[in-house]
Amino acid sequence: MTVPFLDLAAQQAEVSDEVLAGWRDQLLSAAFVGGAEVDAFEREYADHIGVRHCIGVGNGTDALELAYRATGISPGDEVIMPANTFIATAEAASRIGAVPVFVDVDDEHLLMDPGALAAAVTARTKVVVPVHLFGQTADMVAIRAVAERHGLTVIEDAAQAQGAASDAGRAGALGAVAATSFYPGKNLGAAGDAGAVLTDDDRVARTVRTMAAHGSTVKYVHEMVGVNSRLDAVQAVVLRAKLRRLEAWNAKRRAAAAYYDELLAGVTGVRRPVSRPGNTDVWHLYVIRLAERDRVAAALQSAGIGTGIHYPTPVPFTPAYAHLGYRRGQFPVAEAAAEDMLSLPMSPHLTRAQQAEVAETLANVVRVEEAA
């Protein structure tokens with residue numbers, strides 16, 4: 001049996017009739033940029049997260065950059081973020097001349113370590129960016145406490161956590177501002193690139209919306225130097241259809257994660273993921289840890305089982321950030337995880353038969369590796 005890492009075709013099939021009808025209406029109305037569909041999605045997603053404002057933009061990286069800019073980050077300001085994240089978290093800061101400062105993650109959940117955050121704060125630090133990785137929220141109580149002590153702004157990177165929650169609230173509503181991505185593979189994915197900025201702050205919301213439209217709220221009147229980053233109406237149609245199903249799809253992801261836990265409980269050498277106490281995880285990814293990860297991944301691929309690695313190189317050690325001078329050994333948890341993390345197939349349309357195939361194949365491969 002072949003098991004894809006992510007079955008986007010099954011997801012699209014579930015919403016295709018609704019989306020095609022919506023796209024037909026868009027073609028007839030010719031309202032491609034902005035309009036009723038975008039307005040409706042922004043209201044619906046803001047309500048879903050529990051914030052006053054959702055501003056749709058072109059992609060998740062733009063959402064991060066606009067969130068950074070709207071909170072007043074200047075060239076040379078330091079932005080603290082975990083070493084284990086996608087490069088966009090850092091890239092968006094670099095694009096405005098800010099300096100990414102990387103910290104380690106905790107060993108159990110691979111989320112920003114609040115102690116490492118506290119140790120990294122300097123007089124130049126302006127922002128902390130907890131990344132809600134793999135589908136669960138970081139320790140926002142501890143992170144916000146550090147931020148409050150030092151007068152830092154908290155900007156959430158919630159690209160992998162649509163619908164995730166903690167005792168403190170939903171991901172996207174736990175900081176001053178949040179950025180999210182609707183890249184197709186996300187829990188709430190568009191049919192291409194799209195993103196959003198979330199906030200309760202009226203001033204930040206207005207600034208983001210203005211910046212994203214060439215710095216303008218009135219045609220040909222430009223208040224600031226902005227960018228061109230707006231949510232297309234055709235993507236809003238897709239996102240509205242999927243948002244109506246997001247809670248159900250996330251519940252299926254939780255059920256799939258629980259079944260993986262059951263199937264893998266007796267597999268020696270496989271370290272299963274766990275959720276932080278108080279978190280409601282939406283399992284964007286199901287990430288195990290094991291020795292000989294690359295050989296195991298290759299064997300699974302040969303058997304028709306799709307896998308992923310999130311992420312094979314901590315961002316501070318990518319060539320793009322070599323100039324910052326970080327050295328091996330500064331992020332022991334993130335560095336170790338980069339060597340042994342493996343993401344198994346996960347989606348709301350993953351069947352129990354597929355999961356059983358994944359688990360059985362994995363167990364067989366691990367046994368062979370141990371015997372070698």
J.: With a 4.5 Å cut-off on side-chain heavy atoms, are E42 and R209 touching?
T.: yes
J.: Using atom types as modelled and distance alone, determine if a side-chain donor or acceptor of E156 lies under 3.5 Å from a backbone N or O of G172.
T.: yes
J.: Just grab all the side-chain hydrogen bond (donor to acceptor under 3.5 Å, both in side chains) pairs involving residues 313-332, residues at least two apart or on different chains.
T.: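 Sorted pair list: S94-Y321.
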J.: Between N250 (side chain only) and Q162 (backbone N and O only), is there a donor and an acceptor less than 3.5 Å apart?
T.: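 Yes, the answer is positive, given that a donor and an acceptor are paired below the 3.5 Å cut-off.
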J.: Give me the atom names and distance for the closest heavy-atom approach of T180 to A158.
T.: OG1-O, 3.1 Å
J.: How about D77 and V127: do any of their side-chain heavy atoms sit closer than 4.5 Å?
T.: no
J.: In terms of heavy-atom contacts, does OH of Y183 have more than 12 from other residues, nucleotides or ligands at under 6.0 Å?
T.: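 Result for OH/Y183: open.
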J.: In terms of hydrophobic clustering (I, L, V, M, F, W, Y; side-chain heavy atoms under 4.5 Å; direct or indirect links), are V121 and I155 co-clustered?
T.: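 Looking at the clustering, I155 is in the same group as V121.
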J.: Side chains of H349 and E14: do they bring a donor and an acceptor to under 3.5 Å?
T.: yes
J.: Taking atom types as modelled and ignoring hydrogens, do the side chains of E78 and T122 form a donor-acceptor contact shorter than 3.5 angstrom?
T.: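 Side-chain D/A pair, E78 to T122: present.
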J.: Going by atom types alone, do Y286 and D261 pair a side-chain donor with an acceptor below 3.5 Å?
T.: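 Note: Y286 and D261 side chains meet the donor-acceptor criterion.
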J.: With the 4.5 Å side-chain cut-off for hydrophobic clustering, are F86 and V282 part of the same group?
T.: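 No; tracing contacts between hydrophobic side chains, which count when under 4.5 Å, never links both residues.
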J.: Using the side-chain hydrogen bond (donor to acceptor under 3.5 Å, both in side chains) criterion, which residues pair with R245? Sequence neighbours excluded.
T.: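 Partners of R245 under the side-chain hydrogen bond (donor to acceptor under 3.5 Å, both in side chains) test: E18.
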J.: Identify the heavy atoms of L66 and M211 that sit nearest to each other, and give their distance.
T.: CD2-CB, 3.6 Å
J.: What's the spacing between L110 CG and L133 CG if we round to 0.5 Å?
T.: 7.5 Å
J.: Would you indicate whether D17, at its atom CG, is surrounded by more than 12 heavy atoms from other residues, nucleotides or ligands within a distance under 6.0 Å?
T.: no
J.: Is D167 paired with R276 through a side-chain N to carboxylate O contact shorter than 4.0 Å?
T.: no
J.: Among the clusters formed by ILVMFWY side chains lying less than 4.5 Å apart, do Y68 and L152 turn up in the same one?
T.: yes
